[in-house]
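One is the number of the first residue; the rest follow in order along the sequence. Order of appearance sets the numbers: ligands from 1, and atoms from 1 within every ligand. Atoms considered below: every heavy atom in the structure, side chains included; atoms not considered: hydrogens, waters and symmetry mates.
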Amino acid sequence: MIRKCLFPAAGYGTRFLPATKAMPKEMLPIVNKPLIQYAVEEARDAGLQHMAIVTGRGKRALEDHFDVSFELEHQIRGTDKERFLEGTRELIDNCTFSYTRQVEMKGLGHAILSGRSLIGDEPFAVVLADDLCLNLEGDGVLAQMLKLYEQFRCSIVAIQEVPREQTQKYGVIAGELIREGIYRVNSMVEKPRPEDAPSNLAIIGRYILTPDIFDLIADTEPGKGGEIQITDALMKQAQNGCVLAYKFEGQRFDCGGAEGYIEATNFCFEHLHKNTF
Ligand code: UTP
């Protein structure tokens, strides 16, 4: 059974400067809720209780967000503003939060390896909070992936079809379709040029990983951009055994950049928050 979710949140967020100069990108709000809270809620809704967050310098606000704020809560007690903190409070009461720091920002693979001591020797989920995933029709993306894990017991990456000209922004897979929306991965390329991309199936920020991934990452040399890439370690896993790619149901917004962020804000205001204010 999967109990833990890892949130790599140590990146610099350079696409969002200057907003991210002194503030973690994961604290950027979509309407009135920070990205990291949407991510933790998705994990909690999938039944996970242990939230493990990989932070870095300048990321203290993430820890403060999932802690009580006595003065503030005292101040708004009995007013109609109390309801704004109910969701956060519910997470604090029902989940555990643990933190570790990635000391050098050497890529997503390295960030995941930095979380090893929080995860231990068990399968786990990974959520990148700047990829906001929503499914208004049913289970969240992580819940969908956990169901799949129960059947297949191997690492799973979430994928989405992207326009060919955008493959350079993603890890891209090639695989054999084994069931509608599910591929067995044969190869994986990090940020390929459109002409070199093996398909237009791009990996987005949701993963289920089996714990052997840690040793595989530790053996991985820096790849594209001098970063330790999770795709390189996953490729080894795919060659030795099995990695699945899953075309999820729902919407995904790349909130690491302005365009996706604004789309997400409009979408969430329209569908989730309109009656909040
Ligand atoms: P991104 O590729 O979006 O990088 O990382 P970034 O540094 O956050 O943002 P830009 O591109 O400079 O604007 C994808 C995810 O991996 C995490 C990020 O926090 C983000 O959630 N990450 C990336 C780390 O935790 N550590 C790293 O060294 C790199």
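The heavy atom nearest to atom 17 (C) of ligand 1, considering only Pro24, Ala111, Gly256, Pro8, is found in Pro8.
Using modelled atom types, one finds a donor on one side chain and an acceptor on the other under 3.5 Å when comparing Gln151 with Arg179. Counting only N and O atoms by type, the side chains of Tyr183 and Glu176 include no donor and acceptor under 3.5 Å apart.
For atom 25 (O) of ligand 1, the closest non-hydrogen atom of the protein is Ala10 N, 2.9 Å. Atom 18 (C) of ligand 1 has its closest protein heavy atom at Gly11 N, 3.6 Å. At the shortest separation from atom 12 (O) of ligand 1 among protein heavy atoms lies Thr14 OG1, 2.5 Å. Here the protein heavy atom with the shortest distance to atom 7 (O) of ligand 1 is Tyr12 N, 3.0 Å. In terms of protein heavy atoms, atom 2 (O) of ligand 1 is closest to Arg15 NH2, 4.5 Å.
Under 4.0 Å from ligand 1, the heavy atoms of Asp130 that appear belong solely to its side chain. Looking at Lys106 against ligand 1, only its backbone comes within 4.0 Å, counting heavy atoms.
Within ligand 1, the atoms closer than 4.0 Å to a non-hydrogen atom of Gly107 are 26 (N), 27 (C), 28 (O), 29 (C), numbered from 1 in the order shown. When each atom of ligand 1 is checked for a heavy atom of Gln102 under 4.0 Å away, the hits are 24 (C), 25 (O), 26 (N), 27 (C), 28 (O). Atoms of ligand 1 lying under 4.0 Å from any heavy atom of Met105, numbered from 1 in the order shown and given with element: 28 (O). Proximity to Leu108 (heavy-atom distance under 4.0 Å) selects the following atoms of ligand 1: 16 (O), 29 (C).
Between Asp139 and Lys147 there is a salt bridge, with a side-chain nitrogen of the basic residue lying less than 4.0 Å from a carboxylate oxygen of the acidic one. Taking 4.0 Å as the cut-off between side-chain N and carboxylate O, Asp215 and Arg116 count as a salt-bridged pair. Salt bridge absent: Asp232 and Lys236 never bring a charged side-chain N and a carboxylate O closer than 4.0 Å.
For a threshold of 3.5 Å applied to N or O pairs, the pair formed by Glu104 and ligand 1 contains no separation below that value.
Under the 4.0 Å distance rule, the nearest protein heavy atom to atom 22 (N) of ligand 1 falls inside the cut-off.
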